[in-house]
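We count ligands from 1, going down the list as the structure has it; atoms in each ligand are counted the same way.
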Amino acid sequence: MTKLPVFVTDFLKVFQKDGFQIYVVGGAVRHLLLEEPVSNWDFTTNATPDQILQIFPDGFYNNQFGTVGIPQKIDADDFVFEVTTFRRESNYGNKRHPEKIEWSDDLKEDLARRDFTISAIAYDGKNIIDPFFGRQDLEKKLIVAVGDPDKRFGEDALRLMRAVRLASQLGFMIEEKTREAISKNAPLIKHVSWERIREEFFKILSSKHPAEGVLFLRTSQLLKYILPELDVCFAIQQKSPLRHHVYDVGTHLVMSLKHCPSDDVITRFATLIHDIGKAKTYRKDPTSQLITFFNHEVVGTKQALEIAERFRLSNKEKDRLVLLVKYHQFTVSELQTDKAVRRFIREVGKNNLENMLALRTGDRLGSGAKPTSWRYELFKKRLIEVQKEPFKVTDLKIDGHDVMRTLGVKPGPQVGAILKRVFEEVVEDKIKNDRSKLLSRIKQFPKNA
Ligand code: ATP
Ligand code: MG
């Protein structure tokens, strides 16, 4: 187990010198035991929120969660230490938050209300308090509910997502009884807000094992509730004459996610849903047995928009998700003109090109194809090449101010005319779009031309 850093032991001492008990708990202990870096420190104490605020007047109390956040500055970085008072499990009327929070003065009671054994270990730098044998489960690489799993998921349905999220992050299995209880209680996920579902779902997508996470969401029946458009895709076959596909649509999407080389969560999400329109556009020709998905990207774009709204994405995230789905069928044909390649760049946006290509790489590998082809490589080269040429006058490395300054002329039509001439010369490849070359070129124009 990694030792506690000094800034944490100093923090514990502040409580201990006032006679309070305090422990590191939750994810931080998990990371310490696995000898991984800790970025997020959770503590549990017998001090009540009022008492904590007396010690740290700059703390802020979130009474919905019974947590006091205490701002910390460590090596010029800002952190928030989350400190919760020992509490016992009480009545969860709404499957999400207990009706009232009951404080406790017993650490074991507090650990008993935590969700999984590997997150119910307390540590104060000297002693490890592990009444539910979380360390054994860490070794066995198992997610196990604390207490009766059926009851625990019944109390708080967010735990359903948290179990899958932890399994995806850690590469663990979910213990059998816990797994059965997740499937049994899956419909309760309806009681959880979409913001919280998204938060856990995005952690699954961003984790080390996103594909396994999504497959577990499916086998546990959770996917039906959170992403039904994807769930139905597992029943859509696409193996047909003249087609390279080996997987059903759902498996293909999960495999695409698995191979998507981007770390960006929206790109991963788009990769996971890029073909969802296929479920609604599936047609099988009775004579040729040929399967088609005509216009699936159009239908899929509409579904992506609905999904983005359901998951309460920000406008920026929504636009990006929809855009990546909309253009995922882009052609890499060597026969398309430079103009067409430029249009593609304009539509997708320069900032999204890398993400669009990451989706395509995932898509290729996720259909059992090779990661690349000469055609795809050529297309990527052309994307770079055509971007070197300016698309419009404003893309030139000089502007009207440069013309006025270099020639000593006043604003007027002459300035625009010179820029336009230079622009044409760049398009015709007579001169490069290079600032110093363009400035020298301007000097050749007469001042009153
Ligand atoms: P992370 O690495 O994301 O911080 P974490 O396990 O620390 O993971 P937090 O959301 O920070 O997760 O919660 C801190 C601790 O609080 C958890 O480890 C767990 O012990 C407890 N906890 C959080 N949410 C719940 C819940 N819904 N039900 C029971 N216990 C919970
Ligand atoms: Mg935490």
Side-chain angles (χ1 to χ4, degrees), residues 2 8 22-45 62 64-70 72 79-92 94-99 101-102 104 107-123 128-135 137-138 143-172 178 181-182 185 188-189 191-193 195-208 213 265:
T2 320
V8 175
I22 180 156
Y23 297 88
V24 180
V25 75
V29 180
R30 235 170 37 226
H31 290 300
L32 289 168
L33 287 165
L34 293 170
E35 315 216 319
E36 288 169 358
V38 180
S39 58
N40 177 302
W41 293 90
D42 302 302
F43 300 87
T44 186
T45 177
N62 177 331
Q64 193 188 0
F65 299 107
T67 305
V68 180
I70 300 171
Q72 298 283 312
F79 283 88
V80 175
F81 281 177
E82 306 254 329
V83 186
T84 43
T85 305
F86 295 166
R87 52 192 233 220
R88 65 177 65 94
E89 200 60 284
S90 46
N91 227 351
Y92 283 71
N94 58 4
K95 310 287 176 215
R96 200 39 206 105
H97 299 296
E99 274 149 13
I101 294 172
E102 281 182 58
S104 159
L107 169 67
K108 293 214 175 89
E109 231 173 359
D110 182 83
L111 295 174
R113 61 109 191 150
R114 293 179 180 268
D115 43 10
F116 306 106
T117 58
I118 57 167
S119 306
I121 310 171
Y123 182 51
I128 295 182
I129 294 92
D130 182 16
F132 302 100
F133 308 105
R135 275 174 300 178
D137 291 334
L138 262 186
I143 311 290
V144 186
V146 171
D148 174 0
D150 188 32
K151 195 164 147 251
R152 303 310 309 285
F153 292 116
E155 285 161 359
D156 179 357
L158 181 66
R159 292 172 189 157
L160 299 162
M161 292 294 292
R162 288 178 59 89
V164 184
R165 182 261 276 193
L166 280 170
S168 316
Q169 286 178 329
L170 296 165
F172 283 18
T178 303
I182 295 176
N185 290 283
L188 299 181
I189 196 70
H191 298 281
V192 180
S193 75
E195 285 79 2
R196 298 308 300 272
I197 294 178
R198 179 199 58 220
E199 197 181 314
E200 296 299 328
F201 184 65
F202 274 20
K203 284 185 183 174
I204 295 171
L205 288 182
S206 309
S207 72
K208 270 199 212 137
V265 70

(Q) Residue-level breakdown please: for Arg165 versus ligand 1, do any non-hydrogen atoms fall below 4.0 Å on the side chain, on the backbone, on both, or on neither? (A) side chain
Q) Looking only at heavy atoms of Lys203, does any of them come nearer than 4.0 Å to an atom of ligand 1? A) yes
Q | Atom indices of ligand 1 within 4.0 angstrom of Arg159 heavy atoms, with elements | A | 26 (C), 27 (N), 28 (N), 29 (C)
Q.
Please list, in number order, the atoms of ligand 1 under 4.0 Å from a heavy atom of Asp42.
A. 7 (O), 11 (O), 14 (C)
Q. Got a sec: does the CZ of Phe133 have more than 12 other heavy atoms crowding it under 6.0 Å?
A. no
Q: Give a yes or no on whether the backbone of Arg113 and the side-chain of Arg152 come within a donor-acceptor separation of less than 3.5 Å.
A: yes
Q. Looking at ligand 1, does Glu155 have a heavy atom less than 4.0 Å from it?
A. no
Q) Asp42 versus Thr84: any side-chain heavy-atom pair under 4.5 Å? A) no
Q) Would you call Arg88 and Glu102 a salt bridge, taking side-chain N to carboxylate O under 4.0 Å as the test? A) yes
Q. Numbering the atoms of ligand 1 from 1, which are under 4.0 Å from a heavy atom of Gly26?
A. 18 (O)
Q. With a 4.5 Å heavy-atom cut-off, do Ser119 and Leu166 have their side chains touching?
A. yes
**Q.** Asp156: numbered ligand 1 atoms lying under 4.0 Å from its heavy atoms
**A.** 26 (C), 27 (N), 28 (N)
Q: Just jot down the ligand 1 atoms closer than 4.0 angstrom to any heavy atom of Arg113, in number order.
A: 29 (C), 30 (N)
Q | Side chain to side chain, Ile121 and Leu33, heavy atoms closer than 4.5 Å | A | yes
Q: Measure from the side-chain N and O atoms of Asp137 to the backbone N and O of Val144, and report whether any donor-acceptor pair falls under 3.5 Å.
A: no
Q) Without hydrogens or angle criteria, can the side chains of Ser104 and Glu109 be said to hold a donor-acceptor pair below 3.5 Å? A) yes
Q | Interfacing atoms of ligand 1 (cut-off 4.0 Å, heavy-atom, Gly27) | A | 5 (P), 6 (O), 7 (O), 18 (O)
**Q.** For the Mg ion (ligand 2), every protein N/O/S atom that sits closer than 2.8 Å, waters excluded
**A.** Asn40 OD1, Asp42 OD2
Q | Under-4.0 Å heavy-atom contact with ligand 1, by part of Asp115 that carries it | A | both
Q | Contact check: Arg152 vs ligand 1, nitrogen or oxygen atoms, below 3.5 angstrom | A | no
**Q.** Distance (rounded to the nearest 0.5 Å) between Thr67 OG1 and Phe81 CZ
**A.** 15.0 Å
**Q.** Side-chain touch Asn185/Leu160, heavy atoms, less than 4.5 angstrom
**A.** yes
**Q.** Contacting atoms of ligand 1, where contact means under 4.0 angstrom from a heavy atom of Asn40
**A.** 4 (O)
Q.
If I compare all heavy atoms of Phe116 with all of Val146, which pair ends up nearest, and what's the gap?
A. C-CG2, 3.5 Å
Q. For the atom pair CE (Met161) and CD1 (Ile197), what is the distance rounded to the nearest 0.5 Å?
A. 6.5 Å
Q) Would Arg162 count as a contact of ligand 1 if the rule is a heavy atom under 4.0 Å away? A) yes
Q) Counting from 1, what ligand 1 atoms have a heavy atom of Arg114 closer than 4.0 Å? A) 15 (C), 16 (O), 19 (C), 20 (O), 21 (C), 29 (C), 30 (N)
Q: Please lay out, stage by stage, how Arg165 and Ser207 fare under the test side chain to side chain donor-acceptor pair (under 3.5 Å).
A: CA-CA 8 Å; Arg165 182 261 276 193; Ser207 72; over 6 Å; no
